[in-house]
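The structure presented is a predicted model; accordingly, all values stated were derived computationally and were not measured.
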2 protein chains.
Amino acid sequence: MGIKDDAVEVRAQGWRTLAALHGNIVAALEKALQSAADLSVVEYTVLDALSRQDGWHMRMQQLARATALSSSATTRLVNRLEDRGLLARILCADDRRGIYTELTEAGQKLLLAARPVHDETLAESLTAAESVPELEPLVKALGALQGA
Amino acid sequence: MGIKDDAVEVRAQGWRTLAALHGNIVAALEKALQSAADLSVVEYTVLDALSRQDGWHMRMQQLARATALSSSATTRLVNRLEDRGLLARILCADDRRGIYTELTEAGQKLLLAARPVHDETLAESLTAAESVPELEPLVKALGALQGA
DNA sequence: CAAAAGTAGTTGCTTGCGCAATTACATGGC
DNA sequence: GCCATGTAATTGCGCAAGCAACTACTTTTG
């Protein structure tokens with residue numbers, strides 16, 4: 001049964017590595033986006049998700065899934081961004097329970113300003129993680145994902 | 001410059017995948033550990049980190065790094081676990097600023113009960129993620145990490 | 001050896017999150 | 001067509017997180 005136990009330990013170790021890398025990246029992005037655009041990581045995620053959506057509108061639920069947030073958190077997140085004029089709520093006619101969100105011009109503008117900061121910080125984080133023995137293999141594996 | 005831009009997009013995509021997988025796993029672990037042992041994921045992480053430490057004691061700062069938490073959050077996290085009798089604070093003589101934390105017997109016992117739940121939930125999450133096209137390659141890469 | 005600078009941990013305050021309950025709308029059975 | 005069941009989004013509430021300010025101790029420096 002040693003083999004099975006090993007598999008468990010390998011998974012746990014992989015998970016710790018994943019969590020550590022995730023934590024590092026989030027911390028770096030949080031700081032960078034905050035100071036550059038007054039955005040949190042989830043806020044950036046929303047703007048980015050909306051921009052990569054055809055027609056630029058998404059329902060609350062999709063947003064919740066895209067951000068791994070609860071519905072209530074999503075509601076308030078959208079509130080914050082709406083109050084800042086970065087996106088707009090649009091009720092859709094065919095299903096009157098549903099609400100679409102859409103980037104405003106200000107939102108697109110801010111996103112365009114924030115994206116380079118985001119991408120650069122991400123690159124830096126990954127580079128930094130490459131020189132941490134614990135994290136290096138995962139970073140490499142990550143880089144090889146789409147490269148196939 | 002198309003090549004460079006591609007690299008940026010690949011990194012961003014990889015990051016989104018990583019974040020999504022991380023979110024799924026955390027959500028699953030949170031629910032499972034909560035109902036099985038009344039522990040949050042960070043709380044479990046602390047107990048687990050302490051148990052895997054030789055001599056079973058760590059300083060607050062190490063704990064903060066291990067959990068990717070701020071010092072203040074670590075203080076209160078340790079408070080919670082101490083109040084529940086799962087770990088104990090021990091001031092160390094050589095540096096009277098420092099505080100060691102150590103698992104109590106109750107803490108070890110709870111950890112032993114929680115660990116199978118944790119490992120099983122982790123395995124389930126990864127299996128579930130394998131059938132999500134977006135996530136599948138990363139899960140495989142993760143499994144191949146230590147297997148080398 | 002005394003003052004300055006640095007480090008470890010804790011506390012006050014604000015903010016954002018999840019859960020459960022609620023409102024508003026949609027849909028399936030009869 | 002009408003009631004029961006289900007889904008979308010929002011609100012009340014409690015809790016845990018981060019930041020900044022603070023205390024206590026250590027180390028450096030002149």
Side-chain angles (χ1 to χ4, degrees), chain A residues 19 22-35 38-47 57-84 86-102, chain B residues 19 22-35 38-47 57-84 86-102:
Chain A
H22 180 270
N24 283 359
I25 295 176
V26 165
L29 287 179
E30 202 75 56
K31 209 186 307 188
L33 290 173
Q34 194 64 48
S35 82
D38 194 30
L39 287 174
S40 71
V41 172
V42 265
E43 286 166 353
Y44 176 87
T45 301
V46 166
L47 299 187
H57 63 302
M58 282 174 89
R59 297 183 68 135
M60 300 293 286
Q61 300 268 6
Q62 296 178 265
L63 242 47
R65 268 195 307 272
T67 55
L69 244 50
S70 68
S71 322
S72 61
T74 307
T75 292
R76 292 183 243 251
L77 175 51
V78 166
N79 282 345
R80 291 198 300 273
L81 296 174
E82 190 181 27
D83 288 348
R84 285 175 62 182
L86 300 176
L87 56 77
R89 275 183 168 89
I90 301 181
L91 358 126
C92 58
D94 54 319
D95 183 346
R96 292 191 351 206
R97 294 168 303 181
I99 292 190
Y100 287 122
T101 50
E102 185 177 292
Chain B
H22 180 269
N24 283 0
I25 296 177
V26 166
L29 287 178
E30 202 75 56
K31 211 187 306 189
L33 290 173
Q34 193 65 48
S35 83
D38 195 28
L39 287 174
S40 70
V41 172
V42 266
E43 286 166 352
Y44 176 88
T45 302
V46 166
L47 300 186
H57 62 303
M58 281 175 88
R59 297 183 68 136
M60 301 293 286
Q61 298 269 6
Q62 297 177 265
L63 242 48
R65 268 194 307 272
T67 55
L69 243 50
S70 67
S71 323
S72 62
T74 307
T75 291
R76 291 183 244 251
L77 174 52
V78 167
N79 283 345
R80 290 198 300 273
L81 296 174
E82 190 182 25
D83 288 348
R84 285 175 62 181
L86 301 176
L87 55 76
R89 275 182 167 89
I90 301 180
L91 358 126
C92 57
D94 54 319
D95 183 347
R96 293 189 354 205
R97 294 167 303 181
I99 292 188
Y100 287 121
T101 50
E102 185 177 291

What is the separation between atom [atom1] on [X] and atom [atom2] on [N], rounded to the nearest whole Å?
| X | N | atom1 | atom2 | value |
| --- | --- | --- | --- | --- |
| B:Leu77 | D:dG18 | CG | P | 10 Å |
| B:Gln61 | D:dC25 | CD | P | 17 Å |
| A:Asp94 | C:dA26 | CG | P | 9 Å |
| A:Leu91 | D:dA9 | CG | C1' | 11 Å |
| A:Arg65 | D:dA8 | CZ | C1' | 12 Å |
| B:Leu69 | C:dC17 | CG | P | 16 Å |
| A:Ile99 | D:dT11 | CD1 | C1' | 14 Å |
| A:Gln62 | D:dT7 | CD | P | 17 Å |

Review point. OP1, OP2 of C:dC17 versus side-chain N and O of A:Arg80: anything below 4.0 Å?
Key: yes
Check your understanding: With respect to the phosphate group of C:dT10, does any side-chain polar atom (N or O) of B:Arg89 fall under 4.0 Å of OP1 or OP2?
Key -> yes
Review point. What does A:Arg59 touch in the nucleic acid at a heavy-atom separation under 4.0 angstrom: a base, only the sugar-phosphate, or nothing?
Key: sugar-phosphate
Exercise for review: Anything under 30° is parallel, anything over 60° is perpendicular, the rest tilted; go ahead and classify B:His22 against A:His22.
Suggested key: parallel
Practice item. Let me know, please, whether A:Ser71 or B:Val78 comes out on the 5' side of the other along DNA chain C by nearest nucleotide. Key: B:Val78
Point to revise | Pairwise 5' ranking along DNA chain C for A:Arg76 and B:Gly98, keeping only the more 5' one | key: B:Gly98
Counting heavy atoms from C-beta on, name the nucleotide in [options] closest to the side chain of [X].
| X | options | result |
| --- | --- | --- |
| A:Thr75 | C:dT10, D:dG18, D:dT10 | D:dT10 |
| B:Arg96 | D:dT26, C:dT11, C:dA26 | D:dT26 |
| B:Val42 | D:dT10, D:dA17, C:dG9 | D:dA17 |

Out of curiosity, [X] [atom1] to [Y] [atom2], how far, rounded to the nearest 0.5 Å?
| X | Y | atom1 | atom2 | answer |
| --- | --- | --- | --- | --- |
| A:Thr45 | A:Leu39 | OG1 | CG | 10.0 Å |
| B:Leu87 | B:Glu43 | CG | CD | 10.0 Å |
| B:Arg89 | B:Thr101 | CZ | OG1 | 8.5 Å |

Review point. Quick one: on DNA chain D, does B:Ala73 or A:Arg97 contact a more 5' nucleotide (nearest heavy atom)?
Key: A:Arg97
Check your understanding: For the side chain of A:Ser72 and the base of C:dC17, is some donor closer than 3.5 Å to an acceptor across the two?
Key -> no
Exercise for review: Quick one: do B:Thr74 and B:Gln62 satisfy side-chain contact (heavy atoms from CB on, under 4.5 Å)? Show the steps, please.
Suggested key: CA-CA 10 Å; B:Thr74 307; B:Gln62 297 177 265; over 6 Å; no
